[in-house]
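Report on the structure given below.
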Amino acid sequence: MAVQSNLNNMALVLTLTCLFCSAILGGAYALTKDPIDKAAEAKTAKAIGAVLPEFDATSYETVSVDGKDFNYYLAKKGSETVGYAVESSTSGFGGPLSLIVGITADGVVYNTSVLSHSETPGLGAKCTTDEKFTSQWKGLNPSEKILKVKQDNGDIDAITASTITSRAYTLAVQNALSVVSVITGANPDATTGATTSKEETSNE
């Protein structure tokens, strides 16, 4: 009987401990969810503002291109479309490389910004700080440039000793341009899915 009693007590204590820990985790999640969500929204809004000209409001959209879903923000000033901020991810040297690429209504790359990466510090990680590399995307007209690094007979200067990262970055921009071509109907041969719109937010 003593053994059975101990097992019952252990089961009860374990159950109570699990319930207590679950309550703590649930409470912590409830307390931190809103601040985390607001911080993420602020980071995204800042990134959009950095890659597009001045706008009044954005709407969050998704589009399927060649079987892959892309998220983007349609930016407007009044009733006029300012441009598109496209989230585009590729594989860099160290892992996923995610950008937000701002493309104006006339198809020019206004600017780019890195959302996340796993590139090597001091090498590929320079994609966020190397002014020589990042500045060449500002105002880039894809009709006037070959979007490949110079090692591949293109017009893009790669980051020193980081050709793989530079290629990944360039591909991410190319993909974003393809997305905008689909959205605007400039590339009707691409495979597209339904585009869905989510809530509109103001640029403050």
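Atom set for the values below is all heavy atoms of this structure, side chains included, hydrogens, waters and symmetry mates excluded. The structure presented is a predicted model; accordingly, all values stated were derived computationally and were not measured.
Nearest approach of G78 to D56, heavy atoms of both residues: N-OD2, 2.8 Å. Heavy-atom minimum distance, A176 versus S88: N-OG, 4.1 Å. Of all non-hydrogen atoms in P53 and V82, the two that sit nearest each other are CD-CG1, 3.7 Å. Minimum interatomic distance between V149 and S166 (heavy atoms only, all atoms of both residues): CG1-CB, 3.8 Å. The shortest heavy-atom contact between A75 and L52 is CB-CD1, 3.6 Å.
The backbone N or O of G154 lies less than 3.5 Å from no partner atom in the side chain of D152, so there is not a single donor-acceptor pair. Panel note: side chain E144, backbone N141; no donor-acceptor pair is recorded below 3.5 Å. In this structure, the side chain of E61 does not engage the main chain of N71 through any donor-acceptor pair within 3.5 Å.
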Side-chain atoms of residues 155-164: list all donor-acceptor pairs with protein atoms under 3.5 Å, sequence neighbours left out, distances to 0.1 Å.
{"residue": "D155", "atom": "OD2", "partner": "I146", "partner atom": "N", "Å": "2.7"}
{"residue": "D157", "atom": "OD1", "partner": "K150", "partner atom": "NZ", "Å": "2.8"}
{"residue": "S162", "atom": "OG", "partner": "L123", "partner atom": "O", "Å": "3.4"}
{"residue": "S162", "atom": "OG", "partner": "G124", "partner atom": "N", "Å": "3.1"}
{"residue": "T163", "atom": "OG1", "partner": "Q151", "partner atom": "NE2", "Å": "3.4"}

Identify all side-chain donor-acceptor contacts of residues 93-117 below 3.5 Å with residues at least two apart in sequence or on another chain.
{"residue": "S98", "atom": "OG", "partner": "S89", "partner atom": "OG", "Å": "2.7"}
{"residue": "T104", "atom": "OG1", "partner": "D106", "partner atom": "OD1", "Å": "2.3"}
{"residue": "T104", "atom": "OG1", "partner": "V108", "partner atom": "N", "Å": "3.3"}
{"residue": "T104", "atom": "OG1", "partner": "V108", "partner atom": "O", "Å": "3.2"}
{"residue": "N111", "atom": "ND2", "partner": "A50", "partner atom": "O", "Å": "3.1"}
{"residue": "T112", "atom": "OG1", "partner": "Y169", "partner atom": "OH", "Å": "2.7"}
{"residue": "H117", "atom": "ND1", "partner": "E119", "partner atom": "N", "Å": "3.0"}

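Considering D66, T170, T90 as possible partners of N175, the one that fulfils the side-chain contact (heavy atoms from CB on, under 4.5 Å) test is T90.
Between the CZ atom in F70 and the OG1 atom in T62 there is a gap of 11.5 Å [rounded to 0.5 Å]. Residue Y60 holds its OH atom at 10.0 Å from CD1 of I48, rounded to the nearest 0.5 Å. Here the CD-CD distance, from Q136 to E131, works out to 10.5 Å after rounding to the nearest 0.5 Å. Distance check: F133 CZ to C127 SG gives 7.0 Å after rounding to the nearest 0.5 Å.
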- Task: Could you please spell out the steps behind the side-chain contact (heavy atoms from CB on, under 4.5 Å) verdict for V182 and S178?
- Result: CA-CA 6 Å; V182 169; S178 295; 5.7 Å; no
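The shortest side-chain heavy-atom distance between F20 and L16 does not fall under the 4.5 Å cut-off. Side-chain contact between T58 and L74 is absent, with no heavy atoms from C-beta onward closer than 4.5 Å. Side-chain contact check for V65 versus V179: some heavy-atom pair is nearer than 4.5 Å.
Note: the hydrophobic cluster containing L171 does not contain L177 (ILVMFWY, side chain heavy atoms under 4.5 Å, direct or indirect links).
For K77, the salt bridge (charged side-chain N to carboxylate O under 4.0 Å, His left out) partners are E54, not counting sequence neighbours.
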